There are 2 protein chains.
Amino acid sequence: MRRFRGEAGNKVDTKGRVSIPAPFRRVIEEGDPDWSVGLNPNFVIVYGRRNTKCLEGYSLKSMDDVDNLVSRLPRYSKDRETLERLLNAQSVYAQVDENGRIVLSPKLREISNITDKATFVGMGDKFQIWEPDNYIQDMALMNKRLSDNNLEEEIYSLLDYKENNDRKI
Amino acid sequence: MRRFRGEAGNKVDTKGRVSIPAPFRRVIEEGDPDWSVGLNPNFVIVYGRRNTKCLEGYSLKSMDDVDNLVSRLPRYSKDRETLERLLNAQSVYAQVDENGRIVLSPKLREISNITDKATFVGMGDKFQIWEPDNYIQDMALMNKRLSDNNLEEEIYSLLDYKENNDRKI
DNA sequence: TTTAATAACATGGGAAATTATGGAAATCAA
DNA sequence: TTGATTTCCATAATTTCCCATGTTATTAAA
């Protein structure tokens with residue numbers, strides 16, 4: 001399964017229209033079980049992300065994965081209802097049009113601070129949509145955290161998890 | 001599994017096209033589960049490597065291993081999102097064309113300082129793409145570190161690490 | 001073992017398709 | 001009707017695809 005990779009900056013016009021980067025479209029198409037050549041693929045935009053001023057796009061398949069994780073929590077539990085609020089209530093379906101664009105509603109633009117430009121950021125099984133300056137700040141913050149705490153190597157060492165595990169077994 | 005080995009310098013034309021050294025292509029092909037003779041293999045270029053001004057190429061298989069490790073970290077955790085920024089956001093898919101070339105986008109060329117020449121460096125399960133002079137400098141730096149600290153022999157002794165570890169278990 | 005023939009490789013240029021984006025017409029809702 | 005939204009069309013710039021060529025490596029033949 002192809003993943004969302006890379007960063008791209010696109011214009012947002014006065015109607016809120018913005019092009020989805022072509023590589024992202026391929027992933028969205030692949031992740032929509034009903035899609036076939038010539039059709040307009042659907043996906044989900046989640047705007048309930050707290051502490052992070054961005055929108056998140058999920059392919060239908062990966063949204064399904066997340067929903068299934070939520071479903072494993074006990075019905076009517078506070079945690080489950082909270083997650084359903086954040087992931088289901090605060091999200092919308094979006095359809096890519098024949099020109100490869102979507103429309104960001106005024107509400108979505110307001111939440112994300114996006115006016116005339118948007119930065120798309122691949123995050124594997126999802127992607128983020130940022131107001132460009134906010135994204136730069138967020139990246140700077142991340143890089144600062146990495147260098148201030150000398151986390152560079154440590155972060156990558158998280159990737160040794162599997163090996164370590166294998167040794168223990 | 002074949003590994004990336006050796007160094008090679010190739011031209012980069014005005015469109016950003018550059019030939020992947022043939023031996024590297026064999027590894028890329030082998031590492032793309034969808035590849036078969038006559039098809040164009042895909043791989044991943046990571047450009048988010050901090051403190052190192054080069055691009056890194058991963059076969060789909062080895063990138064997939066990395067992605068699977070990331071996926072084991074809790075969703076929305078800081079560590080996971082950081083790794084996704086470094087590995088997913090700061091990377092792109094690349095496809096080798098029928099002539100054995102890829103296109104380095106203006107962005108990739110800017111990040112790596114590459115203009116009209118590129119040096120390909122085999123690193124086992126990945127390879128690096130350097131601006132030739134930067135690579136020479138990096139090699140010089142590495143050699144200096146080795147001689148300044150008299151590490152020439154010691155460095156090889158690190159290879160016994162795994163064995164020692166096994167003994168302890 | 002030298003020479004000829006063939007294949008593979010690195011590189012250049014142009015044609016064709018795709019992408020991002022703007023605007024106009026058509027549709028819908030109030 | 002009128003404002004908003006959606007659909008459709010147009011276009012410039014980019015990216016991809018296809019073909020051509022000189023060069024190097026490999027194989028086959030003498």
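Fair warning: this is a prediction, and the values are worked out from it, not measured in the lab. Sequence lines set the chain letters: A, B, ... in the order given, protein chains first and strands last, and positions in each chain run from 1.
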Legend entry - B:Val103-B:Val12 co-clustered via ILVMFWY side chain contacts under 4.5 Å: no
Inset, instruction - Using a 4.0 Å heavy-atom cut-off across all strands, classify A:Ile20 as base, sugar-phosphate, or nothing. - result: sugar-phosphate
Legend entry - Options C:dG22, D:dT16, C:dC9, nucleotide nearest the side-chain atoms of A:Asn99: C:dG22
Inset, instruction - Whole angstrom is fine here: how far is it from CG in B:Asp13 over to P in D:dT15? - result: 13 Å
Inset, instruction - Please confirm whether the backbone N or O of A:Tyr58 pairs with a side-chain atom of A:Ser62, one donor and one acceptor, at under 3.5 Å? - result: no
Inset, instruction - Could you work out which one of D:dC18, C:dT11, C:dT19 sits closest to the side chain of B:Lys11? - result: C:dT11
Inset, instruction - Examine the side chains of A:Gln128 and B:Arg85 and answer whether a donor and an acceptor come within less than 3.5 Å of each other. - result: yes
Legend entry - Length of the CD1-C1' vector between A:Ile102 and C:dA20, whole Å: 14 Å
Inset, instruction - Using whole Å, report how far CG of B:Leu104 lies from P of C:dT11. - result: 13 Å
Inset, instruction - Take atom CG of A:Leu108 and atom P of D:dT5, then tell me their distance rounded to the nearest Å. - result: 12 Å
Legend entry - Any A:Arg101 side-chain N or O less than 4.0 Å from OP1/OP2 of C:dG23: no
Inset, instruction - Look at the side-chain N and O atoms of B:Arg17 and state whether any lies under 4.0 Å from the OP1 or OP2 oxygen of D:dT15. - result: no
Inset, instruction - Check step by step if side-chain hydrogen bond (donor to acceptor under 3.5 Å, both in side chains) holds for A:Tyr47 and A:Glu110. - result: CA-CA 11 Å; A:Tyr47 54 86; A:Glu110 198 208 312; over 6 Å; no
Legend entry - Short side-chain N/O contact from B:Asn10 to OP1 or OP2 of C:dT11, under 4.0 Å: yes
Inset, instruction - Round to the nearest Å and state the distance from B:Asp97 atom CG to C:dT11 atom P. - result: 13 Å
Legend entry - Distance, rounded to the nearest Å, where B:Glu98 contributes CD and C:dT11 contributes P: 17 Å
Legend entry - Residue A:Lys15, side-chain atoms from C-beta onward, closest of C:dT21, C:dG23, D:dC17: C:dG23
Inset, instruction - Answer yes or no: is there an ion pair linking B:Asp67 with A:Arg5, defined by an N-O contact shorter than 4.0 Å? - result: yes
Inset, instruction - Would you mind reading off the distance between B:Asn40 atom CG and D:dT15 atom C1', rounded to a whole angstrom? - result: 15 Å
